[in-house]
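Read through the structure below, which is laid out as structure tokens, and then see the notes.
Order of appearance sets the numbers: ligands from 1, and atoms from 1 within every ligand.
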Amino acid sequence: MTEAVVSHPHFISLEGGEGAGKTSALAAIRDLLQARGFEVVVTREPGGTPLAERIRELLLNAKDEPLAPETELLLMFASRAQHVREVVRPALQRGAFVLSDRFTDSSYAYQGDGRGLDKAWIEALERRAVGLKPGLTLLLDLDVREGRARTAGRDLWPDRIESEQDDFFERVREGFRRRAAAELQRFRVIDAAQSPAQVAAAVSAAVSQWLDAPK
Ligand code: TMP
């Protein structure tokens with residue numbers, strides 16, 4: 001049974017609300033790491049393995065019955081437990097960088113702050129089912145209404161979580177910001193109100209600085 005949550009210097013996650021521009025930021029980080037000669041595994045949560053992607057489908061498109069918040073949390077961690085064992089740990093062990101579009105911080109923000117589930121329960125799941133956290137987490141921080149306006153244009157069929165109300169996303173945003181403030185060593189907060197090119201540049205600068213910092 002894993003009891004400690006250990007950070008790994010080759011593990012980078014990207015977090016943020018809806019419409020914050022994670023996709024182009026991910027591409028910029030991948031390019032930067034590859035240009036430095038590293039193998040880079042780009043992955044995402046929920047998902048990242050065939051089974052975890054099936055869980056993602058259940059999580060985002062469950063239509064048959066309402067998904068209880070507790071079920072949502074456990075499915076997020078079921079997907080993560082699989083992802084960590086099948087993809088993240090093996091890649092880190094062979095020396096690759098892992099770049100994950102979301103990780104456990106999303107569960108604290110969405111299921112903890114958004115849905116109001118007990119943080120101690122989330123911490124216990126993190127310790128026992130995951131045991132690993134990123135060395136660097138980039139939080140793309142964006143005003144909730146601005147994020148909504150951006151996704152409204154591209155999402156004709158919003159998924160189950162995207163269909164939540166603004167007050168849910170305000171709690172999620174505050175949750176992310178509190179986590180960032182509590183772990184200054186690990187987090188870099190990027191102002192995602194900038195253009196995608198500016199966000200990509202800010203993210204790349206943060207990753208370069210972190211790579212060059214003595215560890
Ligand atoms: P994405 O749209 O960024 O791919 O993320 C999928 C959705 O899943 C997004 O609405 C955030 C949500 N999510 C959680 O609620 N908890 C989690 O632990 C993760 C990883 C994602």
Without placing hydrogens or testing angles, list every side-chain donor-acceptor pair under 3.5 Å for residues 134-141, not counting sequence neighbours.
{"unit_1": "Thr137", "atom_1": "OG1", "unit_2": "Ser13", "atom_2": "OG", "d": "2.9"}
{"unit_1": "Thr137", "atom_1": "OG1", "unit_2": "Arg186", "atom_2": "NH1", "d": "2.7"}
{"unit_1": "Asp141", "atom_1": "OD1", "unit_2": "Arg173", "atom_2": "NE", "d": "2.9"}
{"unit_1": "Asp141", "atom_1": "OD2", "unit_2": "Arg173", "atom_2": "NH2", "d": "3.0"}
{"unit_1": "Asp141", "atom_1": "OD2", "unit_2": "Arg177", "atom_2": "NH1", "d": "2.6"}

Value for NE2 (His10) from CD (Gln93), rounded to nearest 0.5 Å, stands at 13.5 Å
Looking at CG of Leu26 and CG of Leu99, how far apart are the two atoms once the value is rounded to the nearest 0.5 Å? 5.0 Å
Derivation of the salt bridge (charged side-chain N to carboxylate O under 4.0 Å, His left out) call for Glu183 and Lys133: CA-CA 12 Å; Glu183 271 191 86; Lys133 66 178 172 178; 3.0 Å; yes
Near ligand 1, at a heavy-atom separation below 4.0 Å: residues by chain and residue number: Glu18, Lys22, Glu45, Pro46, Arg56, Leu60, Met76, Arg80, Arg102, Ser106, Ser107, Tyr110, Gln111, Ile161
Nearest 0.5 Å please: distance from the CD1 atom of Ile161 over to the CD atom of Glu72. 4.5 Å
Assess whether atom CZ of Arg178 is packed by more than 12 heavy atoms of other residues, nucleotides or ligands within 6.0 Å. yes
